[in-house]
Number of protein chains: 2
Amino acid sequence: MAVTIRDVAEASGVHVSTVSRAFSAPHLVNTVTRTRVLAIAEDLGYRPNRAARALTTGRTHNIGLIVADIANPFFPPLIKAAQAQARMRDYHVFVADTDEDPQVEEELIQTLTKQVDGVLLCSPRLTNRTIERLREEIPFVVVNRRVKGMPTVLMDVGRGVRLAVEHLTRLGHRRLALVTGPSGSWTSKEMQAAAAAMVEADVTFLGPNPPTELGGLAAVTDVLASGATAVLAYNDLVAIGLIEGLAARGVDVPGEISVIGVDDIVPGRLSRPKLTTIAMPTAAAGRIAVDLLLQSVDSESTGGVTVLETSLIVRDSTGENRK
Amino acid sequence: MAVTIRDVAEASGVHVSTVSRAFSAPHLVNTVTRTRVLAIAEDLGYRPNRAARALTTGRTHNIGLIVADIANPFFPPLIKAAQAQARMRDYHVFVADTDEDPQVEEELIQTLTKQVDGVLLCSPRLTNRTIERLREEIPFVVVNRRVKGMPTVLMDVGRGVRLAVEHLTRLGHRRLALVTGPSGSWTSKEMQAAAAAMVEADVTFLGPNPPTELGGLAAVTDVLASGATAVLAYNDLVAIGLIEGLAARGVDVPGEISVIGVDDIVPGRLSRPKLTTIAMPTAAAGRIAVDLLLQSVDSESTGGVTVLETSLIVRDSTGENRK
DNA sequence: GTGAAAGCGCTAACAC
DNA sequence: GTGTTAGCGCTTTCAC
């Protein structure tokens, strides 16, 4: 077995409680004793057992991060940032993938609950009811979805949509299409609301669609039928599918139709034409969500909504309306 | 506090040890008692505290997964698969990102060690010495690197290279360039060895290069100077950078130069021309690595190398040599 | 400033 | 088949 607090105590000729204090309440122990104990601990390669500590303190120093799909390019930057921020604060993070299945999501939260101080829920598929019920057992922070009374991190896609529409109208586009996402998506609703409020352009809504390349591919016919000269897609994956589908029909992007995505995922930067997109600050969202979570862990904080700015990144998939 | 084993014991009028057994050794307890206890536990919403359990059993039912960079598109499918497999076996997984920093990597292993039964090291940046030393404290499985005496999961990129070269020679290419990766990369060495062994073609080695789009972009001049009509890149990111750089010089892919990548990441499927690539079975690697790890956790298994097949996916970035 | 003792939630001999 | 007891590694009163 690994070296325990008792080994350190024996080696330094003090009681275990003194060793414990040397680590978790240094000011309570004589400087000389402390430095000696710490030195011996270091020497022996002692590391406090966090799980054992958690048993008495009630703080595991772990958090859970639950996402719908790790492999969706939208999430990795968020996971990376959340994990980095957690590490900065001396927390470890369990990452779990629900495969978009609400039942798995609930099960995961349940089994994780005893081992973490809080859970980050990213784009949860659970009902609000269920989330509120589970909230009794463990603090949450929700990302990318609005849940009443719960700390929430949102990205202001509405602003991005306004910027995008302005960008397009400046390029002479008047007839726009919005290829929406899944019907349950908060982001999709926000986009629709923002687009509908714009008077500069005439926007047709096309959807709902799966939030994937295939979703975009399948929407091409409708887009063409709509007569729009510019399309705003639910996300970059859909936008890429759209561009691909248009190319297959011999329609040039941005020559004949302009396309804008949402998210700013890596493939969008790498595909050609490079995608103009509404950038979602996913890394910032991850970082901030962790801060909020740790904060709410030791302060019983009530809900509160943090909204992060989005921005428009103009690349090569948008151009002047030539019709 | 949440409901504990003691609450269940009281509510069911049995001793805690009976409740414990009802969960962890069901066959040792009378069927009637067991079902009653289980029912009451369910009723109370009791969930065994895994951390407390770990204290006595020595099994945390957690594993650690350490990767160099979560945001690198190569890893998410691996993480996803590993996590899914772990969940199937009732394990949770800590995911940590080292930011390519060996020191962070070691620190992470150290602090994780007490909370996990084993660690999955993906493309570790640590020296073999260090890994072997840390091996004393916790079981490892290493992915994507060869470490003596340690269970290892490798992907046979050599085979992929052979398939790629055959594909290219069949298309009439005789002068090839291999844009290598970072000097320390095991995969890069394997690729060089495999390419050097092919007699059908004349291969120029260009590198080392950073394993990124920028690395590819920067290698364009050398590629052009080499006179090669086809290029094999260290990975898809490099290949995409290469294609981009060639396009900037007015060189058409695959019209004038063919390009093949390695990995089969999402952006490669989405970029245009769609990338011909040597597909790395990352999901399978994650799944199998977890199995090996859990196996070695309770069997003191000695090292052993599992090699997974790669394959060539022909898409649109390769074509006939017209020179 | 330090030691002694109790206890966190659970499992694992050992009795009976 | 079930209760008793001890103890996993640690923190936290409470004495002294």
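Convention: sequence-line order gives letters A, B, ...; per-chain numbering from 1.
For D:dG7, the OP1/OP2 oxygens have no side-chain nitrogen or oxygen of B:Thr56 closer than 4.0 Å. For B:Ser20, a side-chain nitrogen or oxygen approaches OP1 or OP2 of C:dT11 to under 4.0 Å.
Comparing C:dC10, D:dG3, D:dT12 against the side chain of A:Ser17 picks out D:dT12 as the nearest. Picking from C:dG9, D:dT2, C:dG3 the nucleotide with the shortest atom distance to the side chain of B:Thr33 gives D:dT2.
Between B:Asp90 and B:Arg50 there is a salt bridge, since a side-chain N of the basic residue sits under 4.0 Å from a carboxylate O of the acidic one.
Put simply, the side chain of B:Arg59 gets close to the backbone of B:Val297: a donor and an acceptor are under 3.5 Å apart. With hydrogens and angles disregarded, a donor-acceptor distance shorter than 3.5 Å links the side chain of A:Arg36 to the backbone of A:Ser12.
Remark: P of D:dG3 and CG of B:Asn30 are 11 Å apart, rounded to the nearest angstrom. Computed from coordinates, the B:Leu28 CG to D:dG3 P distance equals 14 Å when rounded to whole Å. Rounded to whole Å, the distance from CZ on A:Arg6 to C1' on D:dT11 is 13 Å. If you take CD of A:Gln115 and P of C:dC10, they are 12 Å apart, rounded to a whole angstrom. For A:Arg21 and D:dT13, the CZ to C1' distance is 10 Å, given to the nearest whole Å. Between the NE2 atom of A:His15 and the C1' atom of D:dT12 there is a distance of 12 Å, given to the nearest Å. We find that CD1 of B:Ile5 is positioned 13 Å from C1' of C:dC8, with the value rounded to whole Å. In this structure, the CG atom of A:Leu55 is 13 Å from the C1' atom of C:dT11, given to the nearest Å.
Residue A:Arg145 forms a side chain to side chain contact (heavy atoms under 4.5 Å, CB included) with just one option from A:Thr187, A:Leu121, A:Ile131, A:Leu154, and that option is A:Ile131.
Within the 4.0 angstrom heavy-atom criterion, no nucleotide atom of any strand lies near A:Phe23. Residue contacts shown for A:Arg50 are absent, as no nucleic acid heavy atom lies under 4.0 Å away.
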Check the pair A:Thr130, A:Glu106 against side-chain contact (heavy atoms from CB on, under 4.5 Å), reporting the backbone distance first and the verdict last. CA-CA 8 Å; A:Thr130 311; A:Glu106 178 167 2; 3.7 Å; yes

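For A:Val16 and B:Arg34, each mapped to the nucleotide of DNA chain D holding its nearest heavy atom, the one lying further toward the 5' end belongs to B:Arg34.
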